[in-house]
Amino acid sequence: MTERFSITTAIDYTNGPPHLGHTYEKVLADVIARHQRLRGKEVFFLTGVDQHGQKVQQTAEREGTTPQAYVDELTVRFRALWARLDVDYTAWAATTDTDHQTCVRKVLQRLWDDRDPATGQSRWIYKAIRAGHYSIRQEQFLTEKEMGPDGTFGPEWGQVEYREEENYYFRLEPHREWLLALIDARSQAGRPFVVPDFRVAELRNAVEKLAGDLCISRPKVRLSWGIELPFDPDYVTYVWFDALVNYVSFAPGYDPAAEANQTSFEAWLPMWHVIGKDILIPAHGVYWPIMLHALGFTDEQMPTLLVHGWWTVDGEKMSKSLGNVVDPDALADRFGAEPLRYFLMSEATTGRDADFTEERLIGCYNTDLANNLGNLFNRTLTMVQKYRGGRLRRDAATAELDGLFVPDGGSAEQYFTDLAARFSELPPEGNFTEPVLAIARLCNQQIQEQQPWELFKNPAKADVLDAFLYYLAESIRLIAIFISPVLPGAAGQMLDQLNCGSVPDGGTERFWLADARWGVLPHGHRLNAPTPLFPRWNAAKTKL
RNA sequence: GCCAGGGUAGCUCAGCGGUAGAGCAGGGGACUCAUAAGCCCUUGGUCGGGAGUUCGAUUCUCCCCUCUGGCACCA
């Protein structure tokens with residue numbers, strides 16, 4: 001059976017347009033998903049939007065529209081951006097979707113119905129009254145630690161009122177020891193629960209200090225924009241049991257009412273969740289695994305959390321008040337979607353914060369894409385056209401070139417096999433651009449070394465020239481395959497220029513790691529004339 | 001205050017016990033197939049500071065400074 005891989009992103013809150021951070025996360029997940037597909041896996045890739053909650057309700061009211069109309073409009077913008085950036089998800093999560101709402105209600109019902117035989121009470125959910133100061137803006141009760149020295153609350157909380165309110169709570173503490181054991185076991189097994197693993201200790205600390213339970217409801221009288229609790233129509237679900245459930249509600253074949261997970265659904269577990277560092281603790285690192293555990297998911301079915309950092313702009317935190325929020329659409333307008341994808345993936349070290357500057361984006365584009373990759377394609381194809389009328393000879397004396405590309409004198413076959421194996425083993429948080437650039441650099445070096453223009457002048461060296469051109473053609477075909485997760489569009493153009501309309505063993509997929517081996521282009525194969533893939537960006541052009 | 005992660009060439013980072021590395025940026029050179037790209041050479045670092053262990057420390061231990069996250073406390 002085909003191996004499976006599933007990956008999700010956080011779902012974005014539809015209270016404002018998408019920014020660079022949203023974009024990075026989706027591109028990161030897309031690149032990982034494409035890499036897995038390249039390896040022949042069947043991929044489930046879920047992303048989407050979180051549309052409920054008080055802020056949406058309030059903004060919609062303020063703008064004189066309905067919450068649904070308001071979120072629909074923003075949702076279109078998110079989807080349009082992902083389409084433009086070639087984010088190739090297989091399922092779309094929107095929390096106002098009927099199936100999702102049904103699933104959330106079933107999940108809650110199941111936990112509500114899971115009774116302790118001794119008391120007859122639900123083992124996981126209970127109702128309780130809580131009194132205290134409540135921030136309307138932040139939708140939460142405040143504790144003493146938020147109170148200032150003078151007994152008042154800071155302006156960041158907005159209007160604060162004293163309130164007595166009855167709500168439903170989800171028990172967290174009974175799962176603490178289990179979660180600690182899971183975190184430790186996963187680290188010991190070499191596949192940490194949180195990647196990169198330097199965040200594991202952070203999460204562990206948070207779990208050790210876990211206290212109190214999770215409030216999962218809001219009275220309808222003050223928040224109507226949400227999913228009604230199945231066991232109490234006076235309440236709607238508060239964010240986590242709505243938003244987090246999307247990971248399973250939109251997955252194929254999940255049925256919360258079933259005793260055990262269905263095999264059709266289990267086949268997609270465990271999942272990778274790509275999230276920002278701000279929502280690791282407590283949402284994804286604490287609430288979510290505990291929710292899954294209460295629902296009967298096994299330890300083996302628990303996800304891995306891939307936690308990425310944030311983007312700053314010119315060294316400063318992105319914020320609306322600073323006015324430095326980067327609009328991904330504007331960047332794509334100016335520089336193109338693919339260069340933007342490339343920049344995001346090569347500039348950021350997964351897990352850490354990264355800085356965006358326009359200079360770096362342009363520098364990265366010119367150096368890597370125009371000068372290195374693009375120019376390599378252009379010069380290679382041009383030489384094949386000029387020296388051999390566009391045709392390759394596969395049967396030339398390749399043995400003469402063995403060892404040129406490999407320090408220890410290995411064969412071309414071995415070289416390609418090793419490269420493909422190494423590329424295949426890249427972890428999801430790995431660097432997908434540098435290994436490809438390394439191949440391009442090697443090719444550029446070898447061109448200088450072999451001096452094909454001299455070989456061309458010497459009829460006695462005709463065989464060597466043929467062999468060398470074939471070697472270059474195969475190398476750039478390999479590059480096209482390897483770079484395809486990051487630059488799917490450009491990689492397609494690369495194969496077009498190589499006249500690889502359909503890849504031999506690729507089946508329905510155009511990019512297939514199985515094709516990343518030596519000697520695929522047939523004898524007499526005709527390459528197309530080159531067109532520059534990434535025209536060099538210069539300052540004059542920016543003024544156009 | 002506690003926990004974790006950083007502090008290595010101008011920039012982004014790798015190395016993590018045995019004479020300091022890569023890419024980019026800067027300087028010089030030879031070449032011409034190419035998007036004035038590429039290639040070669042090169043400038044540049046007492047590897048945050050101090051002490052210790054060791055034949056030997058960027059690499060291990062301790063202390064300190066500093067940045068980033070998380071947690072807590074005071075109020």
Side-chain angles (χ1 to χ4, degrees), chain A residues 143-154 183 187 192 194 196-211 276-283 285-286 307-310 312 314-315 317 343 345-357 359-388 430-431 433-438 440-457 465 468-469 472-473 476 497 527 529-538 540-541:
Chain A
T143 61
E144 295 74 30
K145 73 178 178 185
E146 274 105 18
M147 193 187 290
D150 55 354
T152 64
F153 295 94
I183 292 168
S187 290
V194 183
D197 62 2
F198 68 79
R199 292 200 186 275
V200 169
E202 222 166 81
L203 174 62
R204 209 181 182 288
N205 287 344
V207 176
E208 273 181 344
K209 288 172 185 153
L210 178 62
K277 63 183 185 181
D278 53 321
I279 51 174
L280 170 63
I281 298 167
V286 183
V307 182
H308 66 252
W310 286 352
T312 55
D314 296 321
K317 200 169 167 177
F343 170 75
M345 294 314 296
S346 69
E347 186 71 5
T349 303
T350 307
R352 304 207 186 165
D353 289 353
D355 188 46
F356 172 87
T357 69
E359 293 69 34
R360 287 198 82 89
L361 174 68
I362 292 171
C364 173
Y365 174 87
N366 276 342
T367 302
D368 289 359
L369 296 181
N371 297 352
N372 213 321
L373 271 186
N375 186 50
L376 173 64
F377 269 73
N378 203 36
R379 67 196 303 204
T380 299
L381 294 173
T382 299
M383 285 190 282
V384 174
Q385 292 298 327
K386 281 193 176 177
Y387 301 153
R388 290 296 183 259
N431 185 331
T433 58
E434 181 48 36
V436 187
L437 260 289
R441 268 182 229 116
L442 189 59
C443 289
N444 278 322
Q445 283 167 18
Q446 287 304 324
I447 290 173
Q448 194 62 33
E449 185 75 20
Q450 294 307 309
Q451 306 195 335
W453 49 93
E454 295 298 334
L455 295 174
F456 178 60
K457 292 176 192 163
L465 178 59
F468 184 66
L469 291 176
L472 284 178
I476 63 179
Q497 296 197 7
L527 304 183
T531 309
L533 288 163
F534 304 103
R536 191 176 161 80
W537 187 274
N538 57 58
K541 218 170 137 189

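These numbers come from a predicted model, not from an experiment. The sequence lines fix the lettering, A, B, ..., with proteins before strands; numbering per chain opens at 1.
- Of the P atoms belonging to B:G70 and B:A25, the separation is 36 Å, rounded to the nearest Å.
- Shown here are the salt bridge (charged side-chain N to carboxylate O under 4.0 Å, His left out) partners of A:Glu359, two or more places apart in sequence or in another chain: there are none.
- Counting to the nearest Å, the P atom of B:A25 and the CD atom of A:Glu359 are 14 Å from each other.
- Atom name P, nucleotides B:U59 and B:C2: the rounded distance is 23 Å, in whole Å.
- For A:Gln448, the side-chain hydrogen bond (donor to acceptor under 3.5 Å, both in side chains) test picks out no residue, with sequence neighbours left out.
- Between B:U68 and B:A30, the distance separating the two P atoms is 49 Å to the nearest Å.
- Rounded to whole Å, the separation between the C1' atoms of B:G56 and B:C60 comes to 13 Å.
- Nearest heavy-atom pair, A:Leu369 versus A:Phe534, reported as atom, atom and distance to 0.1 Å: O-CD1, 3.3 Å.
- Between the CG atom of A:Leu437 and the P atom of B:C13 there is a distance of 17 Å, rounded to whole Å.
- Rounded to an integer number of Å, the gap from A:Leu280 CG to B:C71 P is 11 Å.
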Item to check | Verdict with reasoning, A:Leu376 to A:Ile447, per side-chain contact (heavy atoms from CB on, under 4.5 Å) | outcome: CA-CA 9 Å; A:Leu376 173 64; A:Ile447 290 173; 3.9 Å; yes

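- The CG atom of A:Asn371 sits 6.0 Å away from the CG atom of A:Asn366 when rounded to the nearest 0.5 Å.
- The phosphate of B:U68 has neither OP1 nor OP2 within less than 4.0 Å of any side-chain N or O from A:Lys277.
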Next on the checklist: Counting primed atoms plus P, OP1 and OP2 as sugar-phosphate and everything else as base, spell out the protein contacts along nucleotides 1-12 of chain B at 4.0 Å heavy-atom distance: B, S or - for each nucleotide, 5' to 3'.
Outcome noted: --SSS-----SS

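- Taking the P atoms as reference points, B:G69 lies 32 Å from B:G26, given to the whole Å.
- Using atom P as the reference point in both B:C65 and B:G50, the two lie 15 Å apart (nearest Å).
- Along RNA chain B, the nucleotide nearest A:Ala440 and the nucleotide nearest A:Trp453 are compared for position; the residue whose nucleotide lies closer to the 5' end is A:Trp453.
- Every salt bridge (charged side-chain N to carboxylate O under 4.0 Å, His left out) that A:Arg388 has, sequence neighbours left out, goes to A:Asp466.
- Once rounded to the nearest 0.5 Å, the distance linking OG1 of A:Thr433 with CG of A:Asp368 reads 7.0 Å.
- A:Glu208 comes within contact range of no nucleotide atom at all, as no heavy-atom separation falls under 4.0 Å.
- For A:Arg379 and A:Asn444, the side-chain atoms include at least one donor-acceptor pair closer than 3.5 Å.
- One can place CD of A:Gln497 at 13 Å from C1' of B:A34, the figure rounded to the nearest angstrom.
- Residues A:Leu465 and A:Pro452 approach most closely at CD1-CB, 3.7 Å, considering heavy atoms.
- Classification of the A:Trp537-A:Tyr365 ring pair by plane angle, with boundaries at 30° and 60°, yields perpendicular.
- The distance from atom CD1 of A:Ile476 to atom P of B:C33 is 18 Å, rounded to the nearest whole Å.
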Next on the checklist: Counting Watson-Crick and G-U wobble pairs with both distances under 3.5 Å, what is the dot-bracket string for RNA chain B, 5' to 3', using [ ] for crossing pairs and | for pairs to another strand?
Outcome noted: ((((((((.[[[[.)..(..]]]].((((.........)))).....[[[[[..)....]]]]])))))))....

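- A distance of about 13 Å separates the P atoms of B:C11 and B:U46, rounded to the whole Å.
- What separates CG of A:Leu469 from P of B:A34 is a distance of 13 Å, to the nearest Å.
- Considering only heavy atoms from C-beta on, A:Glu347 stays 4.5 Å or farther from A:Phe356 through its side chain.
- Between A:Leu280 and A:Val194 the shortest side-chain heavy-atom distance falls below 4.5 Å.
- One can place CG of A:Asp368 at 13 Å from C1' of B:A22, the figure rounded to the nearest angstrom.
- As rounded to whole Å, 13 Å separates atom P of B:C40 from atom CD of A:Gln451.
- Rounded to whole Å, the C1' atom of B:C31 lies 49 Å from the corresponding atom of B:U66.
- Closest approach of A:Gln497 to A:Leu533, counting heavy atoms only: NE2-CD2, 3.9 Å.
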Dump the pairs, protein N or O against N or O of nucleotides 35-38 of chain B, anything under 3.5 Å, distances to one decimal.
{"unit_1": "B:U35", "atom_1": "O2", "unit_2": "A:Phe534", "atom_2": "O", "d": "3.2"}
{"unit_1": "B:U35", "atom_1": "O2", "unit_2": "A:Arg536", "atom_2": "N", "d": "3.0"}
{"unit_1": "B:U35", "atom_1": "N3", "unit_2": "A:Phe534", "atom_2": "O", "d": "2.9"}
{"unit_1": "B:U35", "atom_1": "O4", "unit_2": "A:Gly374", "atom_2": "O", "d": "3.0"}
{"unit_1": "B:U35", "atom_1": "O4", "unit_2": "A:Asn375", "atom_2": "N", "d": "3.4"}
{"unit_1": "B:U35", "atom_1": "O4", "unit_2": "A:Leu533", "atom_2": "N", "d": "3.4"}
{"unit_1": "B:U35", "atom_1": "O4", "unit_2": "A:Phe534", "atom_2": "N", "d": "3.4"}
{"unit_1": "B:A37", "atom_1": "OP1", "unit_2": "A:Arg536", "atom_2": "NE", "d": "3.3"}
{"unit_1": "B:A37", "atom_1": "O3'", "unit_2": "A:Asn371", "atom_2": "ND2", "d": "3.4"}
{"unit_1": "B:A37", "atom_1": "O2'", "unit_2": "A:Asn371", "atom_2": "O", "d": "2.7"}
{"unit_1": "B:A37", "atom_1": "O2'", "unit_2": "A:Asn375", "atom_2": "ND2", "d": "3.1"}
{"unit_1": "B:G38", "atom_1": "O2'", "unit_2": "A:Arg379", "atom_2": "NH1", "d": "2.8"}
{"unit_1": "B:G38", "atom_1": "N2", "unit_2": "A:Gln448", "atom_2": "OE1", "d": "2.8"}
{"unit_1": "B:G38", "atom_1": "N2", "unit_2": "A:Gln448", "atom_2": "NE2", "d": "3.4"}

